[in-house]
Number of protein chains: 2
Amino acid sequence: MNIELINTGTELMLGRVLNTHQQWLCRQLADLGYHVRRQVAVSDTGTAIQQAVREALREADLIIVTGGLGPTSDDRTRDLIAELAGKPLRSDPAALDHLNRFYAERKRTMPERVRVQALVPEGATVLLNEHGTAPGLALELPGGGEAAPRPAWLVMLPGPPRELRPMFSVQVVPWLRRRFPLTDAFACRTLRTTGIPESIVEERIDGPLRRIVEAGLELGYCARPGEVDVRLAARGSRAESLVIEAEQITRGLLGDAIYGLDDEALEAAVIRLLVERQTTVTVAESCTGGLLGHRLTNVPGASAVFVGGWITYSNEAKEKCLGVRSETLAAFGAVSEPTAREMAEGARVRMGTDYALAVTGIAGPSGGSEAKPVGTVFIALAWEGGTRVMRNLNAFDRETFKHATAQQGLELLRRAILGLAG
Amino acid sequence: MNIELINTGTELMLGRVLNTHQQWLCRQLADLGYHVRRQVAVSDTGTAIQQAVREALREADLIIVTGGLGPTSDDRTRDLIAELAGKPLRSDPAALDHLNRFYAERKRTMPERVRVQALVPEGATVLLNEHGTAPGLALELPGGGEAAPRPAWLVMLPGPPRELRPMFSVQVVPWLRRRFPLTDAFACRTLRTTGIPESIVEERIDGPLRRIVEAGLELGYCARPGEVDVRLAARGSRAESLVIEAEQITRGLLGDAIYGLDDEALEAAVIRLLVERQTTVTVAESCTGGLLGHRLTNVPGASAVFVGGWITYSNEAKEKCLGVRSETLAAFGAVSEPTAREMAEGARVRMGTDYALAVTGIAGPSGGSEAKPVGTVFIALAWEGGTRVMRNLNAFDRETFKHATAQQGLELLRRAILGLAG
């Protein structure tokens, strides 16, 4: 089965927004066992959208189109696809009723131009939008015509992520499973690792998994700064057992470098472990500037274990808020092992938590020296077992530096919670 | 001139990584006056990459391909394109020399498999990689063959952003300007606004700019949560004057809702204003959990004006770190006007800064009530002029809630610095 994704929007082609739909939809589909063959982005001019759909219709069984279903003049997907399919647009009573209710519930008058969103190509199924006004649409093309030589389905979804995502999960996924049932059983598991470079991950597991790969396992790696995903997937009657066996072997070889499964981020794994053990954490951030706290508080329920922390950017703040001694700062500098240690220990005592994580480093682009080049960072963790400080060199651009440093700090914390940091 | 962008990588089609190249390259090209007609992503299997290039060659004058130039078995772009173009691969002495130097400088032995990166399709220009090992390539196809019916250039860039971006800016842009000079003068300016919804921005300026649009101005809007960009572009001998005139009219109508130009983020505008006025700021973050500090410290040079702050997630932290009174918390709750006020005032006194920005709210998904539903937030700013507190309802998912709240806080700060918040 061939799936093609078409993202429409002039703002995409001008680079004013990041295309998050591509990653999100491809991930959802891949984890369900469907494969997106190709993704295309075009601006919302008529010829570009119609040409992209026409090209996709030559090979795809399912075409998912995002964007251009709103009420403004540049929202043209509905009209252009109806025209391409040779279907007249008709006002759909259920869609109109939904629009009326949407405005009534919010005690607002429905602007006239919004009514265009109830127009539906003849024969299309309406996907009501629980989080906005533009409905999604599913349209079957029987094939044989000039535009659609072979049978295909077109699914149109609204552009805003908080409308598209629930519509896809709640309405499109069950429809997809009925309309395009997988011919084979499918199993998929992604093991998330941190602290080991991609080449080492590959080196360790590639050989031992070879036999299962030959039996049909799809083995994939994905490296992002500071982490590597190992994706194990298989199809057919033995899919589940192949993936389980591969997971066991991989766990045996990578051990506690695996922090989580599938969509779990490192910060979510850390919060989960803290909640399980009913322990608490605080942070004292210099060079990460708040990113550690931001990542931890992205996890729903973080407030049960994360009570707060400090962003101590200046020396004065390190002294005043955390009790770092001025002698330490004078003798060793703000970016040093003793300062990181005093930050972590001061934060732990002041906040009364089980763990305190502190970072101090040189994010750049300026501020480096021969002895401490840009990218130098000290990461300290204070807990019942003592204080551990590590020195790293994250010689990247400012944004990557902050991300990598936060990643290393969270990993140090995770290992300490698991009793692996001595 | 037709430009097409092809992003290769199985990890893209599995949704394991976000395609940041698309936004970055499209933005760079658009701001130079070049237009990307279409972007395509495919997995790194041979047929998919060759098919995408072959299709692009039917219409594009320039095809930019990203990814697949590394040394591993799934890095196949170089081979596949050489095969498609009918060019043999030859080892390039300059590329090999660069590889040798890269490893020598890092005092590491060059692994044998890395040498494949010095292979270059006959006739291609090598773009040396200052930040990694895989060189970029530029290859001219004269046209007339089966694969390339019309003349076109193929530019291949390495996948890692910190290798691709400098290579594009330093080597590809000057080459592009020589090879494909713009036939017309081009001018472009993006005015960045916050605090006004897209529909109101359009309503205010669409009519007054109509006359200039009729004279050739391209007027575009791009809305993201909490901000709207107004893009003004024009081509031809009057390009510069059309854009200048449109900017003057837009500034007159939107006034201080415009916080910056082109690539300047709101946090960068705030840091710039603080530096200009030699004033300082601190933050006291509850529901944003560190995001305000993270955004401010993403700006190089932030340390001159941002000394640090607090993440006070629990009530206890609000009392202990900021001096919020327990009576206030008991009487009004943590998410309240008086608590936000005491957080800001406590932070300002304790850190000794000119400004103190505090936020407290309910990020969700749980924790809401009838009187204070999920999304309720109080944002307080304390400064010499007094303390201003505003109440907003950001009823979004957790991530968008945090972003929108931080955006509103930064905007309140910006307006106070400019003397616009009373």
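A note on names: the letters A, B, ... follow the listed sequences, proteins ahead of strands, and every chain is numbered from 1. Predicted model only: the values in this text are computed from it and were never measured. Computation of the quantities below employed the complete heavy-atom set of this structure, encompassing side-chain atoms and omitting hydrogens, waters and symmetry-equivalent molecules.
Counting only heavy atoms from C-beta outward, the side chains of A/Gln39 and B/Gln39 approach each other to under 4.5 Å. In this structure, the side chains of B/Glu285 and A/Ile311 come closer than 4.5 Å at one or more pairs of heavy atoms. With contacts defined as side-chain heavy-atom distances shorter than 4.5 Å, the pair B/Glu316/A/Val307 does not qualify. Residues B/Gln23 and A/Arg16 fail the side-chain proximity criterion, which asks for heavy atoms closer than 4.5 Å.
When heavy atoms are compared at a cutoff of 4.5 Å, A/Glu11 approaches chain B solely by way of its side chain, counted from C-beta outward. Proximity to chain B is limited to the side chain of A/Glu55, based on heavy atoms less than 4.5 angstrom apart. The contact between A/Arg162 and chain B is made entirely by side chain atoms (from C-beta outward), counting heavy-atom distances below 4.5 Å. Heavy atoms closer than 4.5 Å to chain B are found in the side chain of A/Cys321, but not in its backbone. Proximity to chain B (any heavy atom under 4.5 Å) is shown, for A/Ser303, by both the backbone and the side chain. The contact between A/Arg231 and chain B is made entirely by side chain atoms (from C-beta outward), counting heavy-atom distances below 4.5 Å. Both the backbone and the side chain of A/Pro300 come within less than 4.5 Å of a heavy atom of chain B. Residue contact with chain B, scored on non-hydrogen atoms closer than 4.5 Å, involves the side chain of A/Arg224 exclusively. Residue A/Asn19 touches chain B through both its backbone and its side chain, counting heavy-atom pairs closer than 4.5 Å.
One distance of note links OH of A/Tyr313 with CG of B/Leu296; it measures 9.5 Å at 0.5 Å rounding.
Note: B/Thr190 leads B/Val283, B/Asn315, B/Thr288, B/Thr190 in heavy-atom pairs under 4.5 Å with chain A.
Nearest heavy atoms, B/Val17 versus A/Cys222: CG1-SG, 3.4 Å.
Test B/Lys402, B/Arg398, B/Glu399 against A/Asn298 for side chain to side chain donor-acceptor pair (under 3.5 Å) and you get one pass: B/Lys402.
Side-chain polar atoms of A/Gln51 and B/Glu59 form a donor-acceptor pair below 3.5 angstrom.
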